[in-house]
There are 2 protein chains.
Amino acid sequence: MESSERLLREHGIKVTPQRLSIVSELSGRVHMSIDDLYQSIKKSFPSISLATVYKNINAMMDMNFIQEVKIPNQKSRFELNKEPHSHLFCQKCGKVEDIELELNTITTQAAQKSGYKIDEQSLIFSGICPKCAKN
Amino acid sequence: MESSERLLREHGIKVTPQRLSIVSELSGRVHMSIDDLYQSIKKSFPSISLATVYKNINAMMDMNFIQEVKIPNQKSRFELNKEPHSHLFCQKCGKVEDIELELNTITTQAAQKSGYKIDEQSLIFSGICPKCAKN
DNA sequence: TTAAATGCAAAAAATTTGCAGACGT
DNA sequence: ACGTCTGCAAATTTTTTGCATTTAA
């Protein structure tokens with residue numbers, strides 16, 4: 001709330017309740033799809049329209065305020081733009097988490113082997129989370 | 001042609017000209033989107049329908065014969081199912097290439113740090129390919 | 001011969017757009 | 001007060017489905 005508002009102001013866009021809801025949802029550690037977001041926000045804010053969610057997600061992507069996370073065989077999820085990091089996807093419960101890993105070594109290898117000038121990497125691990133593994 | 005036919009037979013599905021075209025397109029080193037495929041196949045096979053491309057792509061995904069490659073900010077591409085490998089995406093020309101890298105070390109790190117039981121990883125580098133870098 | 005595949009057209013799902021009214025600054 | 005944002009409905013785009021016909025085995 002506080003910080004969501006500040007984030008929006010820093011990016012120079014109007015602070016509306018709809019946007020505050022979106023940012024607040026995306027601030028959690030769970031990464032959500034467009035429809036997750038819409039369904040979730042509707043509970044506390046029934047009048048929000050799906051078009052508004054789309055418009056804001058697109059606008060926020062354009063201004064590099066949020067990012068899309070594409071997971072194999074899954075709908076895209078969205079997250080606030082943070083320091084570069086990798087992702088873990090649990091095939092059992094569907095959760096997506098962040099993980100920080102040092103990718104310099106592997107990126108250097110890839111650059112040397114391919115001749116590419118690499119400036120971004122997307123690394124997603126799929127498996128079973130500890131909680132699901134127990135059951 | 002030869003080998004496309006063999007691949008289809010090995011997977012126990014009927015060998016049709018439409019399927020041969022799809023497999024043959026996907027055999028190249030360039031990874032294509034659904035629409036790339038459709039447009040490209042239509043040139044040599046004008047009667048193919050988009051629905052057929054979708055049906056076959058879906059069926060081939062289900063039988064694990066091909067795989068979807070999701071690239072940030074891009075349409076999905078498809079490739080024949082090969083040994084695990086990573087991808088390079090050129091932000092200039094849009095090309096997607098395979099690259100083989102040893103991911104054991106980083107995967108072990110991720111598993112230890114997170115407690116996940118990891119069985120798959122998707123690693124995509126974005127940057128500029130050597131050819132585009134020259135221009 | 002027969003089950004499966006194709007192509008078409010229609011249906012459904014996902015995303016975008018235009019615009020009048022509401023709202024933030 | 002002004003320009004932006006919202007919500008609605010309609011338009012587009014993407015993907016799926018049903019079905020009559022064709023085709024591979």
Side-chain angles (χ1 to χ4, degrees), chain A residues 1-2 4-25 32-63 65-66 68-78, chain B residues 1-2 4-26 32-63 65-78:
Chain A
M1 7 246 128
E2 256 302 287
S4 299
E5 185 172 337
R6 182 171 41 74
L7 278 172
L8 288 171
R9 289 198 195 287
E10 281 171 9
H11 284 262
I13 62 176
K14 283 193 183 175
V15 178
T16 66
Q18 292 86 341
R19 283 177 178 163
L20 285 172
S21 300
I22 292 172
V23 175
S24 145
E25 293 286 345
M32 305 175 90
S33 69
I34 293 266
D35 205 61
D36 291 341
L37 265 175
Y38 176 55
Q39 296 303 334
S40 182
I41 294 174
K42 259 206 311 194
K43 285 177 189 158
S44 55
F45 198 141
S47 73
I48 198 170
S49 95
L50 184 52
T52 297
V53 177
Y54 273 107
K55 283 172 185 169
N56 279 313
I57 288 291
N58 287 336
M60 290 175 181
M61 295 244 281
D62 289 347
M63 61 179 50
F65 177 33
I66 66 172
E68 186 175 4
V69 183
K70 292 190 169 189
I71 299 135
N73 313 311
Q74 295 285 312
K75 287 186 189 168
S76 288
R77 316 286 180 97
F78 297 86
Chain B
M1 10 245 132
E2 257 301 287
S4 298
E5 186 173 335
R6 181 171 42 73
L7 277 172
L8 287 170
R9 290 197 195 288
E10 281 171 7
H11 284 263
I13 61 174
K14 282 193 185 177
V15 178
T16 66
Q18 291 87 342
R19 282 177 179 163
L20 285 173
S21 301
I22 291 173
V23 175
S24 145
E25 293 287 345
L26 293 182
M32 307 175 89
S33 69
I34 293 265
D35 206 60
D36 291 341
L37 265 175
Y38 176 55
Q39 296 303 335
S40 183
I41 294 175
K42 259 206 309 194
K43 286 178 189 156
S44 55
F45 198 140
S47 73
I48 198 171
S49 95
L50 184 54
T52 297
V53 177
Y54 272 108
K55 283 172 186 169
N56 279 312
I57 288 292
N58 286 336
M60 290 174 180
M61 294 244 282
D62 289 346
M63 60 179 51
F65 178 31
I66 66 173
Q67 278 181 324
E68 186 175 3
V69 184
K70 292 190 169 188
I71 299 135
N73 311 313
Q74 295 285 312
K75 287 185 188 169
S76 288
R77 318 284 181 99
F78 297 86

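All values below come from the heavy atoms of this structure, side chains included, with hydrogens, waters and symmetry mates left out.
B/T52 comes within 4.0 angstrom of a base, heavy atoms only. In this structure, A/N56 reaches the sugar-phosphate backbone alone: every heavy-atom distance under 4.0 Å involves primed, P, OP1 or OP2 atoms, never a base. In this structure, B/I48 reaches the sugar-phosphate backbone alone: every heavy-atom distance under 4.0 Å involves primed, P, OP1 or OP2 atoms, never a base. Using a 4.0 Å heavy-atom distance criterion, A/D35 is classed as making no nucleic acid contact.
Remark: the backbone N or O of B/A59 is not paired with any side-chain donor or acceptor of B/D62 at under 3.5 angstrom. At distances below 3.5 Å, at least one donor-acceptor pair connects side-chain atoms of A/R19 with backbone N or O atoms of A/K14.
Here B/Q39 contributes atom CD and B/E25 contributes atom CD; the two are 11.5 Å apart, rounded to the nearest 0.5 Å.
Look at A/R9 and you won't find any side-chain N or O under 4.0 angstrom from OP1 or OP2 of C/dG24. Dashed line: the shortest gap from a side-chain N or O of B/Y54 to OP1 or OP2 of D/dT16 is not under 4.0 Å. The side chain of A/N58 places an N or O atom within less than 4.0 Å of a non-bridging phosphate oxygen (OP1 or OP2) of C/dT16. Residue B/S47 places at least one side-chain N or O under 4.0 Å from the OP1 or OP2 atom of C/dG7. Distances shown here put a side-chain N or O of B/T16 below 4.0 Å from the OP1 or OP2 atom of C/dT6.
Checked by atom type, the side-chain pair B/T52/B/Q18 shows no donor-acceptor distance below 3.5 Å.
Between A/R19 atom CZ and C/dG24 atom C1' there is a gap of 10 Å when expressed in whole angstrom units. Atoms CG (A/L37) and C1' (C/dT15) sit 15 Å apart, rounded to a whole Å. Across the protein-nucleic acid pair, B/I22 atom CD1 and C/dA5 atom P stand 12 Å apart, rounded to whole Å.
A/K42 contributes no side-chain N or O that forms a donor-acceptor pair with the base of D/dG7 under 3.5 Å.
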